[in-house]
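Accompanying notes for the structure given below.
It should be emphasised that the depicted structure is a prediction, and the values quoted were computed from it without experimental measurement. Below, each value reflects all heavy atoms present in this structure, side chains not excepted, and no hydrogens, waters or symmetry copies. Below, chains carry the letters A, B, ... as their sequence lines are ordered, and counting in each starts from 1.
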2 protein chains.
Amino acid sequence: MALDHAILVSLLERPGSGYELARRFERSIGHFWTATHQQIYRVLGRMVADGLLLVREVEQQGRPDKKEYSVTASGRTVLAAWLHKPIEPESLRHDLAVKIRGAAFDDPAALIQEVERHHRAHRDRLAHYLAGEERDFTGPEAPAPPTPGQELQHVVLRGGIAYERMTIAWLDDVLATLHRLATPPGPGS
Amino acid sequence: MALDHAILVSLLERPGSGYELARRFERSIGHFWTATHQQIYRVLGRMVADGLLLVREVEQQGRPDKKEYSVTASGRTVLAAWLHKPIEPESLRHDLAVKIRGAAFDDPAALIQEVERHHRAHRDRLAHYLAGEERDFTGPEAPAPPTPGQELQHVVLRGGIAYERMTIAWLDDVLATLHRLATPPGPGS
DNA sequence: CTTGCCTATGCAACGAGTTGCATACGAGGA
DNA sequence: TCCTCGTATGCAACTCGTTGCATAGGCAAG
């Protein structure tokens with residue numbers, strides 16, 4: 001059900017089409033939520049049927065027409081109700097951690113390349129987040145007195161940055177451990 | 001599909017019943033994966049049908065009988081194949097981040113209690129992880145030369161600890177931001 | 001002019017995951 | 001005696017999420 005709320009927040013920040021939402025979910029919102037376009041289109045249809053969203057056909061030049069969605073008063077009410085309802089602290093689902101524990105029953109050294117791949121991916125994401133932070137919040141182009149909405153977006157982005165930094169440091173730890181296990185105990189020991 | 005592999009790893013570390021697996025998934029394995037008992041029972045049945053697991057009826061005294069599952073050679077092969085196949089770096093699904101951005105369209109101060117609740121939950125989890133680390137890895141009771149399997153379990157646990165520490169620090173940041181937004185700009189400004 | 005790419009939307013089928021309910025045994029307390 | 005709690009397993013119904021496929025317009029390169 002939380003995809004509904006993520007869509008409401010994103011459309012309140014700026015109305016847009018399903019396609020645009022899908023791209024946002026790959027970028028800034030994807031920092032903390034993911035969704036494919038098929039899922040988004042389906043949920044958008046249901047939310048319109050439920051009266052949470054409005055659709056407006058928008059003709060475009062040089063590209064296909066689009067449907068722009070915006071939040072109704074009813075949608076704001078639903079979002080507010082969710083905001084006031086406590087949620088459970090979420091737990092991780094970390095495939096890589098399963099693999100690492102599974103490596104005990106296979107060759108730990110075979111995992112090194114995989115972990116390095118993840119390490120690179122997280123370094124890339126961190127660089128991407130930092131560039132976004134510079135552009136939108138800390139750089140010279142940033143709005144001098146940020147609005148509450150911008151402050152909140154910034155603190156969420158700082159969370160993404162902290163997550164990537166932590167993950168990179170942990171993957172360093174994992175790599176060191178895998179190398180230690182791959183190298184048999186030295187003769188000087 | 002990854003629940004299958006998490007179950008294989010857990011049963012290789014120690015054979016057990018569906019009920020025991022469900023409790024492990026609430027504890028150590030739950031650090032990086034979650035599953036309800038219904039889901040586990042269903043998957044166990046399918047994996048037995050596929051020849052990945054063996055069942056053994058075990059009579060117990062003072063409590064109902066149980067079915068103990070263990071991994072077959074075929075199960076080990078399937079796990080090894082998965083270990084050698086690259087996976088995508090996973091992305092977060094953080095409900096609380098959606099709420100924080102959503103607070104821009106509601107009362108940011110109303111979120112403070114919710115964030116404090118999560119803060120407490122993560123501090124509790126951190127304490128729980130640290131106790132487990134002391135007990136199993138760094139304390140005087142820990143095995144002097146750890147096996148590769150224990151080293152790998154430890155590095156995964158260190159990941160959980162790093163995640164909780166990072167999250168707690170971030171929630172401090174979030175709380176400071178929410179308090180700043182809740183307090184109107186002071187007269188001395 | 002065909003091929004591929006980007007924008008834009010959507011269906012159908014399947015698999016993953018959640019929620020509610022049901023059963024059954026044994027132990028302990030009201 | 002009945003009620004509740006912990007152990008132990010499972011069905012049924014539903015929603016969530018993924019994968020594969022299909023359509024369609026415009027643009028640019030070969």
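Of all non-hydrogen atoms in A:Ile87 and A:Trp82, the two that sit nearest each other are CG2-NE1, 4.0 Å.
Side-chain nitrogen and oxygen atoms of B:Ser17 include at least one within less than 4.0 Å of the OP1 or OP2 phosphate oxygen of D:dT9. In this structure, B:Arg63 reaches the D:dA8 phosphate: one of its side-chain N or O atoms is under 4.0 Å from OP1 or OP2. Between A:Tyr41 and C:dT9, a side-chain N or O to OP1/OP2 separation shorter than 4.0 Å is present. OP1 and OP2 of D:dT9 both lie 4.0 Å or more from every side-chain N or O belonging to B:Tyr19. Between A:Arg93 and C:dG17 there is a side-chain N or O to OP1 or OP2 distance below 4.0 Å. Remark: B:Gln39 is in phosphate contact with C:dT18, judged by side-chain N or O atoms under 4.0 Å from OP1 or OP2.
Nearer to the 5' terminus of DNA chain C, by closest-nucleotide assignment, is the contact made by A:Glu68 (compared with the other of A:Glu68 and A:Arg42). Nearer the 5' end of DNA chain D, as judged by each residue's closest nucleotide, is the contact made by A:Thr36, out of A:Gly62 and A:Thr36. Comparing A:Arg46 and B:Gly18, the nucleotide of DNA chain D nearest to each residue sits closer to the 5' end for B:Gly18.
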Show which side-chain atoms of residues 139-161 of chain B pair as donor or acceptor with protein atoms under 3.5 Å away, not counting sequence neighbours.
from: B:Thr147; atom 1: OG1; to: B:Gln150; atom 2: N; distance (Å): 3.1
from: B:Thr147; atom 1: OG1; to: B:Gln150; atom 2: OE1; distance (Å): 3.4
from: B:Gln150; atom 1: OE1; to: B:Thr147; atom 2: N; distance (Å): 2.9
from: B:Glu151; atom 1: OE1; to: A:Arg180; atom 2: NH1; distance (Å): 2.5
from: B:His154; atom 1: ND1; to: B:Arg158; atom 2: NH1; distance (Å): 3.2
from: B:His154; atom 1: NE2; to: B:Glu133; atom 2: OE2; distance (Å): 2.8
from: B:Arg158; atom 1: NE; to: A:Asp173; atom 2: OD2; distance (Å): 2.7
from: B:Arg158; atom 1: NH2; to: A:Asp173; atom 2: OD1; distance (Å): 2.9
from: B:Arg158; atom 1: NH2; to: A:Asp173; atom 2: OD2; distance (Å): 3.4
from: B:Arg158; atom 1: NH2; to: A:Thr177; atom 2: OG1; distance (Å): 3.4

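Not a single ring pair (Phe, Tyr, Trp, His ring centres under 6.0 Å) links B:Phe105 to another residue, sequence neighbours left out.
Rounded to whole angstrom, the span from the CG atom of A:Asp50 across to the C1' atom of D:dT15 amounts to 14 Å. Atoms CG (B:Leu21) and P (D:dG10) sit 13 Å apart, rounded to a whole Å.
The listed nucleotides are D:dT7, C:dG10, D:dG10; the one nearest the side chain of A:Lys67 is C:dG10.
Residues A:Val48 and A:Leu44 fail the side-chain proximity criterion, which asks for heavy atoms closer than 4.5 Å.
Base engagement by A:Gln38 is indicated by at least one non-hydrogen atom pair under 4.0 Å involving a base atom.
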